[in-house]
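Have a look at the structure below, then the notes.
Position 1 is the first residue of the sequence, and the numbers go up from there. What's counted below: heavy atoms across the whole structure, side chains too, no hydrogens, waters or symmetry copies.
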Amino acid sequence: MKKKTIICVMLLVLLAAAIVGVIVVKNHSVSDSKPQSYSSLEEANEAADFGLNGSDRLCGYPATDYEAASNTVKITYADAGFISKTLGEANNVSVGEKYSETAEQTIEDRTVTFKGNEEKVYIAEWTENGFSYTISVTDGVDFDEMIEYVKATR
């Protein structure tokens with residue numbers, strides 16, 4: 001009888017440890033609605049359970065912040081702009097913006113939409129393998145520079 005009691009107590013302790021482990025793991029993951037900042041891209045990618053690779057610099061600025069939620073990863077480059085990868089269809093950051101020029105071009109098997117004004121590109125957006133990607137630059141860049149950012153983003 002004592003052996004059965006000891007075994008039951010041990011099983012209850014193991015069950016409690018497993019529950020605590022699940023709670024710790026769930027608290028470590030990020031929520032859908034509130035992105036959290038991370039000190040590195042690797043940490044942000046791990047938190048989102050998928051990866052984003054982007055340019056080391058955007059318009060000459062290094063990355064200054066990495067954010068993640070369970071459905072998105074975003075790299076911010078000071079006030080120069082950002083690169084993001086989101087689970088699902090395009091997030092259309094340019095909604096409400098007025099761009100006089102819109103062009104679509106295939107870059108390495110990706111159909112990319114470019115939006116801009118007066119020969120400067122401000123937005124590049126595309127969807128690939130169930131993810132939407134956005135590159136947004138504050139002051140605009142020439143078309144060739146934006147293409148290089150697109151090629152560096154996965």
Side-chain angles (χ1 to χ4, degrees), residues 15-154:
L15 179 61
I19 290 171
V20 168
V22 167
I23 290 170
V24 167
V25 167
K26 282 193 170 247
N27 285 338
H28 175 68
S29 66
V30 294
S31 69
D32 284 336
S33 60
K34 188 176 179 190
Q36 296 178 18
S37 287
Y38 293 89
S39 59
S40 72
L41 181 58
E42 293 77 23
E43 289 178 0
N45 285 342
E46 184 178 309
D49 292 330
F50 62 87
L52 167 64
N53 293 314
S55 179
D56 291 336
R57 299 178 88 69
L58 192 66
C59 301
Y61 290 90
T64 56
D65 190 35
Y66 308 95
E67 294 181 23
S70 62
N71 66 341
T72 192
V73 177
K74 180 178 176 182
I75 307 169
T76 301
Y77 301 83
D79 292 330
F82 68 86
I83 298 174
S84 69
K85 179 178 180 180
T86 304
L87 185 60
E89 293 299 312
N91 54 5
N92 295 319
V93 300
S94 56
V95 171
E97 298 287 338
K98 301 286 184 181
Y99 296 103
S100 60
E101 300 169 18
T102 301
E104 203 170 82
Q105 184 171 337
T106 301
I107 310 291
E108 297 179 347
D109 297 327
R110 296 178 265 183
T111 302
V112 181
T113 300
F114 297 93
K115 298 177 183 180
N117 293 322
E118 301 173 14
E119 297 184 22
K120 287 197 171 204
V121 179
Y122 292 85
I123 303 283
E125 297 175 313
W126 69 96
T127 301
E128 180 180 14
N129 298 324
F131 292 95
S132 62
Y133 295 80
T134 301
I135 301 172
S136 175
V137 292
T138 305
D139 294 330
V141 294
D142 67 34
F143 191 71
D144 291 336
E145 186 174 350
M146 185 63 87
I147 288 174
E148 291 305 312
Y149 296 141
V150 169
K151 288 179 178 180
T153 303
R154 291 280 177 197

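- Scanning both residues, P62 and R57, for their nearest heavy atoms gives CB-NH1, 3.6 Å.
- Proximity of a side-chain donor or acceptor of S55 to a complementary backbone N or O of L58 within less than 3.5 Å is not detected.
- Side chains of D139 and D79 form no contact here, defined as non-hydrogen atoms less than 4.5 Å apart.
- In this structure, T134 and F82 have side chains that are in contact, with non-hydrogen atoms separated by less than 4.5 Å.
- For the pair S84 (side chain) and K74 (backbone), a donor-acceptor distance under 3.5 Å is absent.
- Between Y38 and A47 the shortest heavy-atom distance is OH-CB, 3.3 Å.
- Considering only heavy atoms from C-beta on, F114 comes within 4.5 Å of I147 through its side chain.
- Contact record, I75 with Y66: CG2-CE2, 4.0 Å, taken as the closest heavy-atom pair.
- Within the 4.5 Å cutoff, the side chain of V73 has no heavy atoms near those of the I83 side chain.
- Heavy-atom contacts from other residues, nucleotides or ligands closer than 6.0 Å to CD of E119 number 12 or fewer.
- Rounded to the nearest 0.5 angstrom, Y149 OH and C59 SG are separated by 4.5 Å.
- A donor-acceptor pair under 3.5 Å links the side-chain atoms of K85 to the main chain of G51, judged by distance alone.
- In this structure, Y122 OH and I135 CD1 are separated by 16.0 Å, a value rounded to the nearest 0.5 Å.
- Under the 3.5 Å distance criterion, the side-chain polar atoms of N71 are left unmatched by any main-chain donor or acceptor of T86.
- Of all the heavy atoms in F50 and L87, the pair that sits closest is CZ-N, 4.4 Å.
- In this structure, E108 and E128 have side chains that are not in contact, with every pair of non-hydrogen atoms separated by 4.5 Å or more.
- Ring planes of W126 and Y133: parallel class, angle under 30° (limits at 30 and 60°).
- Taking 4.5 Å as the limit, some side-chain heavy atom of R110 sits within range of a side-chain heavy atom of R154.
- We find the NZ-CG distance between K115 and N117 to be 11.5 Å, quoted to the nearest 0.5 Å.
- The backbone N or O of T76 sits less than 3.5 Å from a side-chain atom of T64, completing a donor-acceptor pair.
- With a 4.5 Å cut-off on side-chain heavy atoms, V112 and Q105 do not count as touching.
- Within the model, atoms OG1 of T72 and CG of L52 stand 8.5 Å from one another, a figure rounded to the nearest 0.5 Å.
- Two residues are said to be in side-chain contact when any heavy atoms from C-beta on lie closer than 4.5 Å; V121 and V137 fail this criterion.
- In terms of heavy-atom proximity, E67 sits nearest to P35 at OE1-CB, 3.6 Å.
- Residues I107 and K151 approach most closely at CG2-CG, 3.9 Å, considering heavy atoms.
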